[in-house]
Amino acid sequence: MSLWKFGDFEADVDFTDADFLDAIDEAKAAMHEAEQNVPVVGKNSDIIRAQCACFYVFFDTLFGEGAGERILCGKNSVKLCNEAAESLLDFETAEAKKLDDKYDKYVPNQNTTQQFPHPQPQPNGNRQQRRNYQKQYGKGKHSNTGR
């Protein structure tokens, strides 16, 4: 678990926890539903308030009731909403990099010479493990087919 901070708001997040990932998916779905209420015509201020309401819904669904208010300080600024969302995304990216770096220790070193070259088996495992494999050994089963 890691501590995400934005302004005065702090929350423990764990991008490796299935329950937290379910909460993110639920928050995204709630935000998408709220987006259906954003007007496409009208006063700019009304449109911006409706857009910001989507972010409030996202943060409230993810971190609990009132989280959007604490994160966004009650403001209706699209810039602030985007900064908060980007901060969480950047935090997720940094956490994924830390995890990649940790698992890279367990990936065989390609600089070692093998007496008998063997084709590498296609990995099973989760998405992160398959990505690391593809970085290490190439694009995967379609690399020679031109797809």
Results of ring-ring contact (aromatic ring centres under 6.0 Å, His included) for Tyr103 - residues two or more places apart only: none

Partners passing salt bridge (charged side-chain N to carboxylate O under 4.0 Å, His left out) against Glu95 (at least two apart in sequence or in another chain): Lys98

Side-chain hydrophobic cluster, 4.5 Å single linkage: members besides Val57: none

Inter- and intrachain pairs under salt bridge (charged side-chain N to carboxylate O under 4.0 Å, His left out), touching residues 12-26, at least two apart: none

Under 4.5 Å side-chain linkage, directly or through intermediates, the cluster mates of Val41: Val40

Of all pairs that satisfy ring pair (Phe, Tyr, Trp, His ring centres under 6.0 Å), the ones with a partner from residues 17-54, not counting sequence neighbours: Phe15-Phe20

Pairs flagged by salt bridge (charged side-chain N to carboxylate O under 4.0 Å, His left out) wherever residues 42-57 is involved - sequence neighbours left out: Asp46-Arg49

With a cut-off of 3.5 Å and sequence neighbours excluded, list every side-chain donor-acceptor pair involving residues 75-87.
residue : atom : partner : partner atom : Å
Ser77   : OG   : Lys79   : N            : 3.4
Ser77   : OG   : Leu80   : N            : 3.2
Asn82   : ND2  : Val78   : O            : 3.3
Ser87   : OG   : Trp4    : NE1          : 3.0

4.5 Å side-chain heavy-atom contact, Phe59 and Phe9: no

Partners meeting side-chain contact (heavy atoms from CB on, under 4.5 Å) with Asp101 (sequence neighbours left out): Lys97, Asp104

Heavy-atom check, side chain of Leu88 versus side chain of Phe6, under 4.5 Å: no

Those residues that, when tested against Glu65, pass salt bridge (charged side-chain N to carboxylate O under 4.0 Å, His left out) (two or more places apart): none

